[in-house]
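Down below is the structure, laid out as structure tokens.
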Amino acid sequence: MSLKLFNSMGKTLQEFKPIHEGFVGFYGCGPTVYNYAHIGNLRAYIFLDILDKTLTFLGYKIRHVMNITDIGHLSGDDDSGEDKMLKTAAERSMSVLEVAQFYTEAFFRDIERLNIRRPDVVCKATDHIEEMIALIKKIEANGHTYFAGGNLYFDVSTFPDYGKLAGLNLNELKAGAGERKVVVIDENKKNPHDFVLWFTKSKFENQALTWDSPWGRGYPGWHIECSAMSQKYLGTHFDIHTGGIDHIPVHHTNEIAQSEGAMTAEEREAGPWVNFWLHNEFLVLQGATKMSKSSGNFLTLQSLIDKGYDALDYRYFLLGSHYRKQIYFSWEAMDGAKNSRKSLASKIARLIEKSGIASASEIDEKKAIETAMEEFRENLCDDLNTPKALSAMQMAAGGKFGSDAAKILATVKKMDEVLGLKIIECAADLLSKQRSSENAENHSDDGEAAEIDALLARRAEAKKAKDFATADKIRNDLAARGISIIDTPNGTTWKRNK
């Protein structure tokens, strides 16, 4: 079955075909590192991780690129407000680069705890100023810019396709109508939807980081960063660009205009800058709007952990909804996700005991049940339908596709390479805790425990000497005392029958 993805460009479900057979290049908008990522932000990166792992599961070689915005992102996407990095630096009495480093490290700690694969390329904006200037020069040479008030602007009137991703009408925009409403007036702009490619000190006298450029010493606009870095690592044309739905009307719309505005005639004929645009919906706090750092209504991953949840409980919660569906967060929903994940792990733990497998490394994925894997594959190919894919894993664990424990474990392990719940590891940990608890209970009488351990040692010696009569007598004597012997691949233990 071929992979189908919902393309925001055209708003239709389309069969995915990569530009280069067998290879997929994709770019995901990364964080602006001025604060901790909230759990709404992290939804985008779990979605990206599912895309990454699905493409790998389907046999593609991939190159996943993600930016780190450490300069140039104003509090308003339309070139208004304060610089987010500068604002935090002033509040924390830190330098901008110290702020960026601190929150970048915090972001990747969250990524690791959520079992998200680190992108193949992570690129910081401050490391790519040269590439941004070079791209702006191309845009300027193609006649899409004007200089006013010390800043270089992109003139949207020179790009007829402006707004095609969001379904905006350029004629309406000229009249100030349309879906996107700009409330902050920049008197330098010919059109309120024009946007800055390069700022100079004429707008922000105290900007912390500035660079020399053909247009004066200053710093880049936010939108140019993603265009320059994605093209450096993926080329002029690539397969997939992702982000939250809030990026559609401004950031991604402006990215398309400047990226395609920089193209030569030959490059334009070769196709669009990006073939597929994928966008995830918001996470909404129950009784509130979407999560937002500026409004203060947000939760961090650490705040969930502090309440007793595992980071992967949150991942499980998100996988229960489709990435294009708005999802409402509540503590009750988190409790449900935590309990469901634990229930699934308990099923897997029983299968581990039944199979006699000592560790996850002994599970042979080649034994995965093909009917289960086919259903799982179909769910992923249906626009990354994680709720149904998760259901397929649950049904496999419950024995719907067969009762052989080793085969079920192989199936679940292979599915979890995409879903990323570490469910085998979780089950093994649960089993280990159960055994430790049983052993602690069984060994409450140290004197008797020492006697039983000695008998088990004698039994082991008898079995080694093939004296099975003695070994069986020790087992039967202990059974008469209410003690059960448990032989496992990791050795022999015992428990008191209740």
Side-chain angles (χ1 to χ4, degrees), residues 312 341-373 376 392-417 419 421-498:
L312 295 180
R341 180 171 166 267
K342 185 176 180 180
S343 175
L344 179 57
S346 295
K347 290 180 183 178
I348 303 302
R350 290 192 289 272
L351 290 167
I352 292 173
E353 281 195 302
K354 184 178 178 181
S355 69
I357 288 171
S359 67
S361 62
E362 292 183 12
I363 298 174
D364 184 0
E365 292 183 29
K366 293 179 182 178
K367 294 182 179 179
I369 303 167
E370 187 52 41
T371 52
M373 293 310 303
F376 182 74
M393 177 191 272
Q394 291 166 329
M395 288 189 291
K400 177 184 177 182
F401 301 101
S403 58
D404 185 290
K407 289 183 178 180
I408 293 174
L409 288 172
T411 304
V412 169
K413 184 180 180 184
K414 198 163 184 64
M415 290 176 172
D416 205 34
E417 288 179 2
L419 297 180
L421 295 168
K422 291 188 176 180
I423 204 67
I424 301 291
E425 294 92 329
C426 180
D429 184 57
L430 189 63
L431 196 56
S432 176
K433 289 178 180 177
Q434 289 173 348
R435 287 172 177 168
S436 295
S437 177
E438 289 172 357
N439 284 339
E441 181 180 338
N442 292 335
H443 291 65
S444 58
D445 186 332
D446 291 342
E448 184 184 33
E451 178 196 354
I452 294 171
D453 288 341
L455 287 170
L456 291 183
R458 281 179 54 198
R459 177 175 176 268
E461 290 175 2
K463 289 176 69 177
K464 188 175 182 181
K466 297 187 177 180
D467 182 1
F468 298 114
T470 298
D472 289 343
K473 185 177 185 305
I474 292 172
R475 176 186 284 277
N476 293 336
D477 288 346
L478 288 172
R481 293 166 56 178
I483 306 297
S484 292
I485 293 175
I486 306 162
D487 292 313
T488 76
N490 294 324
T492 300
T493 186
W494 59 273
K495 70 177 182 179
R496 188 178 302 283
N497 299 326
K498 296 180 179 179

Tell me the closest heavy-atom pair linking A405 and S355, and the distance in Å. CB-CB, 3.9 Å
Once you round to the nearest 0.5 Å, how far does CZ of R475 lie from CG of L456? 9.5 Å
The reported gap from CD in E370 to CZ in F376 (rounded to nearest 0.5 angstrom) is 12.5 Å
Nearest 0.5 Å please: distance from the CD1 atom of I474 over to the CD1 atom of I483. 14.0 Å
Residue pairs involving residues 397-414 (criterion side-chain hydrogen bond (donor to acceptor under 3.5 Å, both in side chains); sequence neighbours excluded): none
Heavy atoms only: give me the nearest I408-G399 pair and the separation to one decimal. CD1-CA, 4.2 Å
Closest non-hydrogen atoms of I352 and I424, given as atom of the first, atom of the second and distance, are CD1-O, 4.3 Å
Using the side chain to side chain contact (heavy atoms under 4.5 Å, CB included) rule, take C426 and L312 through it: C-alpha gap first, then chi angles, then the decisive distance, then the call. CA-CA 10 Å; C426 180; L312 295 180; over 6 Å; no
Could you pull out the closest heavy-atom pair between A396 and F401, with the gap in Å? CA-CD1, 3.7 Å
Residues L430, S346; criterion side chain to side chain contact (heavy atoms under 4.5 Å, CB included); working and verdict: CA-CA 7 Å; L430 189 63; S346 295; 3.3 Å; yes
Between L344 and Q394 the two heavy atoms that sit nearest each other are CD1-CA, 4.2 Å
Closest approach of I423 to D416 (non-hydrogen atoms, all atoms of both residues): N-OD2, 2.9 Å
Would you sort out whether L478 and W494 count as a side chain to side chain contact (heavy atoms under 4.5 Å, CB included), showing the intermediate values? CA-CA 10 Å; L478 288 172; W494 59 273; over 6 Å; no
Show me the pairs that pass side-chain hydrogen bond (donor to acceptor under 3.5 Å, both in side chains) and involve residues 463-474, at least two apart or across chains. D467-T470, K473-D477
